[in-house]
Amino acid sequence: MDSRFRSIKGMNDILPSDSFLWINLEKLLREHFFMAGFREIRTPVLEYLELFVRGIGEGTDIVDKEMYSFRDKDGEMITLRPEGTASVVRAVTEHNLLKQEGIHRLFYLGPMFRYERPQKGRLRQFHQFGAEIFGIADGSIDGELIYLGTSLLLKTGVKESDFVVKINSLGCQSCRKNYRESLVGFLNQSKESLCDDCKRRTVTNPLRVLDCKNEVCKSITEKSPKTLDFLCTECSAHFGEVQSSLKCFGVKSEVDHRLVRGLDYYSRTTFEIQIINNLLGSQNTVIAGGRYDSLFRDFTGGDYPAIGFAGGIERLLEVAGKDILAAKDEFRISFISSVGLFEETDLRNIGKLREAGIETEVDLSKRSFKAKFKRADRIKSSFAVIKGDDEKNGGYYTLKDLRLSMNSEEKQFRINADELVNEILKRRKV
RNA sequence: GUGAGUGUAGCUCAAUUUGGUUAGAGCACCGGACUGUGGCUCCGGUUGUUGGGGGUUCAAGUCCCCUCACUCACCCCA
């Protein structure tokens with residue numbers, strides 16, 4: 001508050017008290033995807049504006065009003081990525097990965113940017129992880145990918161009773177076209193009762209009326225035509241494969257006819273994993289995705305089936321078990337000395353401790369011995385290495401085990417510098 | 001972009017229904033009891049433009065207006 005500067009709205013600092021949770025979650029994510037045959041891809045945070053306009057689609061809110069776009073020094077319009085899939089597909093086609101190396105599974109992890117009003121579970125700079133599988137149209141892959149999402153949640157300590165998996169199928173482009181016509185016809189019958197937003201949406205993006213939160217609109221769309229009734233034979237069979245695959249993976253899911261998703265590139269399968277324990281407030285979707293078989297065609301002309309999902313890291317952290325992500329094996333020592341008694345040999349010995357993998361803090365402040373011990377206690381040091389006048393004259397250190405109770409005999413004793421590392425390592429496990 | 005709520009010490013919060021004297025407490029921090037030793041206890045100490053600006057009043061943390069920030073919700077999304 002008395003600082004002259006503030007971070008930009010919706011762009012938060014991740015402080016040391018939290019950063020270890022992030023580190024552990026990122027580690028867990030990488031291992032999870034690696035075990036399933038995924039490899040990490042890191043694409044730039046900046047892309048040409050055109051990539052997202054083409055990829056996500058004109059008319060979507062993301063493209064129309066949420067992107068950080070600006071002109072680069074050479075006049076090109078560039079954009080801070082609002083999501084990951086478009087960049088991954090761009091990289092895969094640009095480097096011809098599918099043909100060159102036959103890589104089918106990629107995951108990513110990093111910051112995304114959308115200009116929105118911040119609220120719970122929503123920031124302007126937020127972080128997503130995502131997984132994409134390329135080149136396989138089979139519905140069983142859809143099931144596996146969804147399973148990868150649910151099993152990830154379980155690993156982070158989210159209880160099975162705290163989330164639901166919702167699935168739907170939008171069909172291919174021709175199914176979608178027929179459905180859209182039928183839906184618009186239906187909506188026009190009740191046009192007067194719809195909310196203002198939905199009146200507009202009936203024209204611009206009728207599918208979106210389905211997930212309006214207005215109660216009146218909800219009750220109207222209760223009886224609306226369903227996408228599943230308009231699937232062609234192939235799309236219908238595909239959705240059957242998805243469902244039986246989910247059953248094989250032991251994933252409980254429910255069909256949600258309202259699940260239409262906001263990005264243009266989805267086709268056939270769409271899904272969401274929602275948290276239902278109220279920890280996320282209104283933004284309760286933690287992982288969401290779907291199939292986007294047409295995106296490659298738009299980018300290259302070639303046909304590649306693809307499916308993927310994205311998850312919100314901040315949202316996941318909200319619901320994950322903090323004990324699972326907590327730092328483990330914390331072990332450190334404090335090097336405490338009277339003012340002015342540090343010598344070159346002390347610094348060398350501190351270096352040796354650190355090289356041996358022992359986290360060592362040196363208290364170089366001018367405060368009292370007492371204060372230094374207090375700090376050692378506060379940062380939860382396991383040992384104190386003490387250097388005062390006695391130690392200096394005698395040519396030894398005093399080692400004190402701060403974990404032991406006051407009256408323990410082993411608590412404090414003299415030790416030579418060359419035994420220090422071994423002695424601490426030996427006692428580390430006790 | 002729209003709507004609602006909240007801003008008091010580093011943190012969490014008080015401040016007597018309806019304005020009243022020097023704005024308090026816990027935690028944290030610093031020091032002492034313990035002259036080279038943490039945790040427990042006790043004692044003492046520091047900390048504020050009450051988010052900012054303007055107004056009403058003899059008097060404003062308290063009432064009014066403006067502004068800023070944060071939070072939540074809508075829109076939309078991870």
Side-chain angles (χ1 to χ4, degrees), chain A residues 1-3 6-10 12 17 56 59-66 82-85 108-131 149 195-198 200-201 205 208 211-214 259-263 271-275 280-290 308-319 334 336-339 341 363 365 367-392 398-408 411-412:
Chain A
M1 194 173 294
D2 44 3
S3 167
R6 223 193 319 268
S7 76
I8 295 170
K9 184 200 287 286
N12 294 165
S17 54
I56 299 169
T60 60
D61 275 36
I62 293 181
V63 169
D64 287 355
K65 52 183 202 190
E66 293 177 0
E83 58 106 46
T85 299
Y108 61 84
L109 190 62
M112 306 292 165
F113 305 83
R114 292 182 199 171
Y115 188 87
E116 300 184 271
R117 197 78 168 265
Q119 71 185 68
K120 194 174 181 63
R122 173 190 297 162
L123 293 165
R124 288 186 176 180
Q125 174 173 337
F126 62 107
H127 298 76
Q128 282 188 333
F129 58 91
C195 71
D196 290 345
D197 280 330
C198 285
R200 176 178 51 81
R201 283 191 279 238
N205 198 345
R208 297 234 59 86
D211 57 10
C212 180
K213 285 176 185 169
N214 182 298
L259 193 63
V260 290
R261 320 261 337 114
L263 284 64
F271 65 92
E272 269 187 21
I273 306 178
Q274 297 174 355
I275 300 293
L280 281 186
S282 173
Q283 261 61 46
N284 67 340
T285 301
V286 67
I287 290 175
F309 69 60
I313 293 189
E314 284 86 353
R315 290 183 188 180
L316 184 50
L317 279 171
E318 237 9 89
V319 294
S334 289
I336 292 172
S337 149
S338 296
V339 179
L341 286 186
D363 193 338
S365 69
R367 299 182 305 164
S368 66
F369 248 91
K370 181 190 180 65
K372 288 175 180 174
F373 273 95
K374 216 162 188 168
R375 171 168 170 84
D377 185 57
R378 211 175 118 59
I379 65 172
K380 295 191 170 61
S381 283
S382 298
F383 288 91
V385 177
I386 303 158
K387 164 123 183 207
D389 288 318
D390 293 351
E391 285 81 359
K392 181 180 169 135
T398 296
L399 184 62
K400 179 172 182 176
D401 192 334
L402 299 174
R403 302 167 303 181
L404 299 177
S405 67
M406 203 105 71
N407 45 16
S408 169
K411 191 163 178 58
Q412 186 169 324

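Throughout, a chain's letter reflects where its sequence line sits, starting with A, and its residues are numbered from 1.
- Within the nucleic acid shown, A:Leu317 has no heavy atom closer than 4.0 Å to any nucleic acid atom.
- With both ends at atom P, the span from B:C42 to B:U21 equals 32 Å, rounded to whole Å.
- A gap of 12 Å separates the P atoms of B:G39 and B:G31, to the nearest Å.
- Considering only the side chain of A:Asp390, B:G36 comes nearest among B:G36, B:G31, B:C72.
- A:Gln412 comes within 4.0 angstrom of a nucleotide base, judged by non-hydrogen atoms across all strands.
- Put simply, the side chain of A:Lys372 gets close to the backbone of A:Ser337: a donor and an acceptor are under 3.5 Å apart.
- Across the P atoms, B:U16 and B:C34 are found 43 Å apart, a figure rounded to whole Å.
- A donor-acceptor contact under 3.5 angstrom links the side-chain atoms of A:Asp377 to the base of B:G38.
- Contact annotation for A:Ile273: no contact, since no heavy-atom pair falls under 4.0 Å across all strands.
- In this structure, A:Tyr115 places its OH atom where only 12 or fewer heavy-atom neighbours from other residues, nucleotides or ligands lie under 6.0 Å away.
- You'll find that the side chain of A:Lys65 is closest to B:C75, out of B:A69, B:C75, B:C74.
- Distance from the side chain of A:Lys374 is smallest for B:G38 among the nucleotides B:G38, B:C29, B:C75.
- Taking atom CD of residue A:Gln283 and atom P of nucleotide B:C75, one finds them 9 Å apart after rounding to whole Å.
- Among the nucleotides B:A78, B:C72, B:U71, the one closest to the side chain of A:Lys120 is B:C72.
- Between the CD1 atom of A:Ile287 and the P atom of B:A78 there is a distance of 12 Å, rounded to whole Å.
- Distance from the side chain of A:Phe369 is smallest for B:G36 among the nucleotides B:C77, B:G36, B:G31.
- Distances shorter than 4.0 Å separate some side-chain N or O of A:Gln119 from OP1 or OP2 on B:C74.
- B:C66 and B:A25 have their C1' atoms separated by 34 Å, with the value rounded to a whole Å.
- Taking atom NZ on A:Lys400 and atom C1' on B:G38, their separation rounds to 6 Å, with Å as the unit.
- As rounded to the nearest Å, B:U2 and B:U47 have C1' atoms that lie 41 Å from one another.
- One finds no side-chain N or O of A:Ser405 lying less than 4.0 angstrom from the OP1 or OP2 phosphate oxygen of B:G39.
- A distance-only check finds a donor-acceptor pair linking the side chain of A:Arg315 to the backbone of A:Thr285 [under 3.5 Å].
- Closest-nucleotide positions on RNA chain B for A:Arg117 and A:Asn214 were compared, and the one nearer the 5' end corresponds to A:Arg117.
- Of the candidates B:U71, B:C70, B:A78, B:C70 carries the atom nearest the A:Lys9 side chain, counting heavy atoms from C-beta on.
- Within the nucleic acid shown, A:Lys372 has no heavy atom closer than 4.0 Å to any nucleic acid atom.
- No side-chain N or O of A:Glu83 forms a donor-acceptor pair with one of A:Gln128 less than 3.5 Å apart.
- Comparing B:U18 with B:U6, their P atoms sit 15 Å apart, to the nearest whole Å.
- Atom CZ of A:Phe126 is separated from atom C1' of B:A78 by 6 Å (rounded to the nearest Å).
- Residue A:Glu391 places its side chain closer to B:G36 than to any other of B:A69, B:G36, B:G38.
- Taking atom P on both B:C70 and B:C65, the two are 23 Å apart, rounded to the nearest angstrom.
- Here B:U71 presents its P atom at 11 Å from CZ of A:Arg124, a figure rounded to the nearest Å.
- Of the possible polar contacts, one joining the A:Arg124 side chain to the A:Glu116 backbone as a donor-acceptor pair under 3.5 Å is found.
- Here the side chain of A:Lys370 is nearest to one of B:U71, B:C74, B:A33, namely B:A33.
- Looking at residues two or more places apart in sequence or on another chain, you find no salt bridge (charged side-chain N to carboxylate O under 4.0 Å, His left out) involving A:Glu66.
- The separation of B:G32 from B:U50, taken at their P atoms, amounts to 33 Å, rounded to a whole angstrom.
- In this structure, A:Gln274 reaches neither bases nor backbone, as no heavy-atom distance under 4.0 Å exists between it and the strands shown.
- Checking B:C75, B:U37, B:A78 against every side-chain atom of A:Ile386, the shortest atom distance belongs to B:U37.
- Both A:Glu66 and A:Thr398 sit near RNA chain B, but only A:Thr398 has its closest nucleotide nearer the 5' end.
- Using a distance-only test at 3.5 Å, with no hydrogens or angles considered, a donor-acceptor pair links the side chain of A:Arg114 to the main chain of A:Pro82.
- Within the 3.5 Å criterion, the main-chain N or O of A:Leu404 finds a donor-acceptor partner in the side chain of A:Lys411.
- OP1 or OP2 of B:C77 lies within a sub-4.0 Å distance of a side-chain N or O belonging to A:Arg208.
- When the P atom of B:C77 is taken as reference, atom CZ of A:Phe309 falls 19 Å away, rounded to whole Å.
- Using a 4.0 Å heavy-atom cutoff across all strands shown, A:Gly281 reaches sugar-phosphate atoms only and no base atom.
- One atom, CZ of A:Arg367, and another, C1' of B:G38, lie 12 Å apart when rounded to the nearest Å.
- Among the heavy atoms of the strands, none lies under 4.0 Å from A:Ala376.
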A correct dot-bracket answer for RNA chain B, with pairs being Watson-Crick or G-U at under 3.5 Å, [ ] for crossing pairs and | for inter-strand pairs, is (((((((..((((......[...)))).(((((.......))))).....(((((..]....))))))))))))....

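- Note on A:Arg114: a base of the nucleic acid sits closer than 4.0 angstrom, heavy atoms only.
- Side chain of A:Glu314 to backbone of A:Arg122: no donor-acceptor contact under 3.5 angstrom is found.
- Pairing each heavy atom of A:Ala384 with each of A:Phe373, the nearest pair is CB-CE2, 4.1 Å.
- Put simply, CZ on A:Arg6 is 7 Å from C1' on B:C68, counting in whole angstrom units.
- Note: A:Phe129 CZ to A:Ile287 CD1 = 4.0 Å, rounded to the nearest 0.5 Å.
- Checking B:G38, B:A78, B:A73 against every side-chain atom of A:Thr285, the shortest atom distance belongs to B:A78.
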